[in-house]
Amino acid sequence: MSVADIREGLAANLAAYFDGIQISAYELSNPTPPCFEIGFRLDNAIEFNEAGARGIEIYHLIVRGIVSNVIDVASQAKLDEWCAPTGASSVRAAIESDLTLGGAARTLQVTDMSNYRAFAQPSAPNVTFLAAEWAVTVYASGE
Amino acid sequence: MAIYLQGVGASSFKVTVAGVDLTDHCKSVTVNMEADDVDITAMGATAHAHALGLRDDSIELELYQDFASSSVDQTIYALLGSNSGGTVIIQTSGSTVSTTNPKYTLVGIMNPYVPIDASVGDASMMKVKFVPAAGGSIARATA
């Protein structure tokens, strides 16, 4: 099991729900919305030694969903669909559709959604995106 | 001067219960070897006098619960209500037992068993305490 396996597993779960949009297992320098990218949270991203023999390490990742922000209400409505707790457009349901990430993890859960906000890339400050972040806690073996 | 960090590194501590290796589910281990403190103070003494009485050992484990086949729940539950108990072996390292890697063995009975005690979204943990079956105590071995 590797960090790459976890990232790829999360991306695969998203891809099974969301067809035809960019899904990256890594953070993108030039996202093309609508899209998803995956990264680590800033603090305590990996908790080691949760069980003996490297049996359990806890990984804290962020799945970030980005939509364009051309029309304010429509953009928020689109992102709100992704924020639903269940359903065909639910990011949480997509991430939790395979709790083992194809064998890379023991289990996982989506703990919360946060940072629902508009932002702009420094390279293109006049183009704003709308984004939300889903915090994912993954329990996986360290071996 | 070497110090011992529990469970850190590839050769972690090793926990075996009734022949099943539960190391990769074990978050903490307490091996307690103690005897009764018997007061033998007699008249005329200016201070209390103590003597060691009967041994009263125990081993406590904190485990991530797992209902998979031959895992935590099936192993621990099988010992509930048994006065002959099961053999619990704690090694300070997963490597060969030696003078610097001692092994602690207890034929212990277990009570109570609390298989589920968690709030929604929490990792399901359980604590179990083994005390000696009749007349027994923890045996320390270096080979």
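Fair warning: this is a prediction, and the values are worked out from it, not measured in the lab. Just so we're on the same page: letters track the sequence lines, and every chain starts at 1.
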- Item | Per-residue contact mode, Q109(A) against chain B (heavy atom under 4.5 angstrom) | side chain

- Are I89(B) and I109(B) linked, directly or through other ILVMFWY residues, by side chains that come within less than 4.5 angstrom of each other? no

- Task: Please test Y64(B) against E50(A) for side-chain contact (heavy atoms from CB on, under 4.5 Å), starting from the C-alpha separation and ending with a verdict.
- Result: CA-CA 9 Å; Y64(B) 281 89; E50(A) 282 297 307; 2.8 Å; yes

- Item | Atom CG of D117(B) with >12 non-hydrogen neighbours under 6.0 angstrom | no

- Message: Quick check: closest heavy atoms across I56(A) and D24(B), and the distance to 0.1 Å?
- Response: CG1-O, 3.9 Å

- Check whether Y139(A) gets within reach of chain B through its side chain, its backbone, both or neither, counting any heavy atom under 4.5 Å. side chain

- Honestly curious: do F13(B) and V97(B) fall in one hydrophobic cluster under the side-chain, below-4.5 Å linking rule? no

- Message: So for atom OH, which belongs to Y26(A), do other residues, nucleotides or ligands contribute more than 12 heavy atoms lying within a distance under 6.0 Å?
- Response: yes

